[in-house]
Amino acid sequence: MRASDDLRRLDRAHVWHPYTPRPDVEAGLPCIVRGEGPWLWDSEGRQWFDAISSWWCCAVGHNHPRIVEAIRRQAGELDHSILGGLIHPGAARLATELARLMPDARVHVHFASDGASAVEAAVKIALQYHHIAGRPERCGLVALQGAYHGDTLAAVGLGFLEQFHAPFRHICRRALTVRPPVEDRSSEVALADAREIFERHRDGIGAVIVEPLVQGAAGMRMYAADWLRGLFALSREHGALFIADEIATGFGRTGQWFAFEHAGIAPDIVCVGKALSGGTLPISAAIVRDEIYDAFDGTSQDRTFWHGHTFAGAPIAAAAALAALDLYHELDLPARAREIGAELEHRWAPLRNHPAVREVRILGAIGAIEMAGAAEAVTATARRARDALRARGILARPLGGVLYLMPPLTTPAEVLRWVAEAYRDAVAAAV
Ligand SMILES: *Cc1c(COP(=O)(O)O)cnc(C)c1O
């Protein structure tokens, strides 16, 4: 028996895989044992291209030597020390680097460990801020239709979907939803709808949360920057805080450091995660404008944020993030993303009028091909395309009927060309 068969047996006996239906588990999953750059190797020695940057976080590929070295060095010096009542150098430096990336550096960074926990913190900070200001009625939250902000309960309330979340209906507080200008919907119509919601809930909205420009889990759905600007203005006008969830889009992915920059706005709270540590260790943050932070002055119990996670801003993860950010600057990741986008535009041009393709969407280093047809059929087509890609050594994971590519930003040009063409061929083969 091969070692990998043995591992599969152990896995089948005891691992509960996230986001994986049981039939897929039974069909046998690849066992990944090593990574380098945009490549992964499985236990049978097969080499795979990581077409989704391991859930969108390995921005500079796997095991980048500079990040690995930073982790090693930090592990030898200080493994863990908490941020509750103590300081450590990594968190102080990382917060400073993150502040520098914001439109205005007057911010405080609340660290967490996963994306969802940064979103939870952001939402709680926004609501407590209004509470402190004597506006407890400002407790409504507005999210976009099709939003995804993570899988904890408040986050699920922001992106509630009947088909996935029905069992939690009674424990999730559902957000008010506005439909962004996607499909054939114009920015004007979508903005008029948003205005209507603000007027209907006058003075009752505490915060608006968005995935700026790209709704990842909804199928890399993209909407116009002018609408985001309009929504931001509306939320300002109505006294609601504006939260940009940049967990998927941050750190250059869309061709700017942050996707909200395409709209020229300055959100009140920015959530980051995923690529923050280059996909090496869990770390996330809610980056909060000082005007909000200043309300939490500790002069009474409700003016302290009684919230934190054991591993928030942990030293080794912070060291990894500092090394990652250093690399991102050096490699100019936003420029790399724009180059990848241009290559995809070029290679996928023929797909734009392919009868089996509903839409091709590209922004920076995010490319999505949405299949045309009924929901069941497109999901099956996308899965066949995925299988065709796997046969060529490319690990993709479609979202329903959307086949997408979100490669490491350091993918060499000739590899990217090969991958982009493989996607084109896979779509043709799947229909
Ligand atoms: C992945 C993601 C999250 C959740 O992050 P986790 O680390 O998986 O908890 C939240 N928001 C967006 C936009 C994401 O893409």
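Counting convention: from 1, in listed order, for ligands and their atoms alike. A quick note: this is a predicted structure, and the numbers were derived from the prediction, not measured.
When all heavy atoms of Ala321 and Leu94 are compared, the pair lying nearest together is CB-CD2, 3.6 Å.
Taking the charged nitrogens against the carboxylate oxygens, Arg347 and Glu343 do have a contact shorter than 4.0 Å, which makes a salt bridge.
Distance remark: protein heavy atom present below 4.0 angstrom from atom 11 (N) of ligand 1.
Residue-level proximity to ligand 1 for Trp56 is carried by the side chain, the only part with a heavy atom below 4.0 angstrom. Of the heavy atoms in Ile247, only side-chain atoms (C-beta onward) come closer than 4.0 Å to ligand 1.
Looking at residues two or more places apart in sequence or on another chain, you find no salt bridge (charged side-chain N to carboxylate O under 4.0 Å, His left out) involving Glu137.
Tested against Leu141, the residues Leu176, Ile243, Thr177, Val123 include a single side chain to side chain contact (heavy atoms under 4.5 Å, CB included) partner, Val123.
Of the protein's heavy atoms, Asp245 OD2, 3.3 Å lies nearest to atom 13 (C) of ligand 1. Scanning all protein heavy atoms for the shortest distance to atom 7 (O) of ligand 1 gives Gly115 N, 2.8 Å. Of the protein's non-hydrogen atoms, Lys274 NZ, 2.9 Å is the one closest to atom 14 (C) of ligand 1.
For the pair Ile366/Tyr404, no side-chain contact is recorded, criterion being any heavy-atom separation below 4.5 Å from C-beta on. The shortest distance between side-chain heavy atoms of Asp332 and Pro334 falls below 4.5 Å.
Looking at Cys57, Ala116, Gly273, it is Ala116 that brings a heavy atom closest to atom 4 (C) of ligand 1.
Close contacts of ligand 1 with Gly150, meaning ligand atoms under 4.0 Å from a residue heavy atom, involve 4 (C), 10 (C). The Ala248 neighbourhood of ligand 1 comprises atoms 15 (O), with distances under 4.0 Å to a heavy atom of that residue. Residue contact check: Glu211 has heavy atoms under 4.0 Å from atoms 13 (C) of ligand 1.
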side-chain contact (heavy atoms from CB on, under 4.5 Å), that's the test. Do Glu291 and Leu241 meet it? Break it down for me. CA-CA 11 Å; Glu291 199 183 315; Leu241 296 186; over 6 Å; no
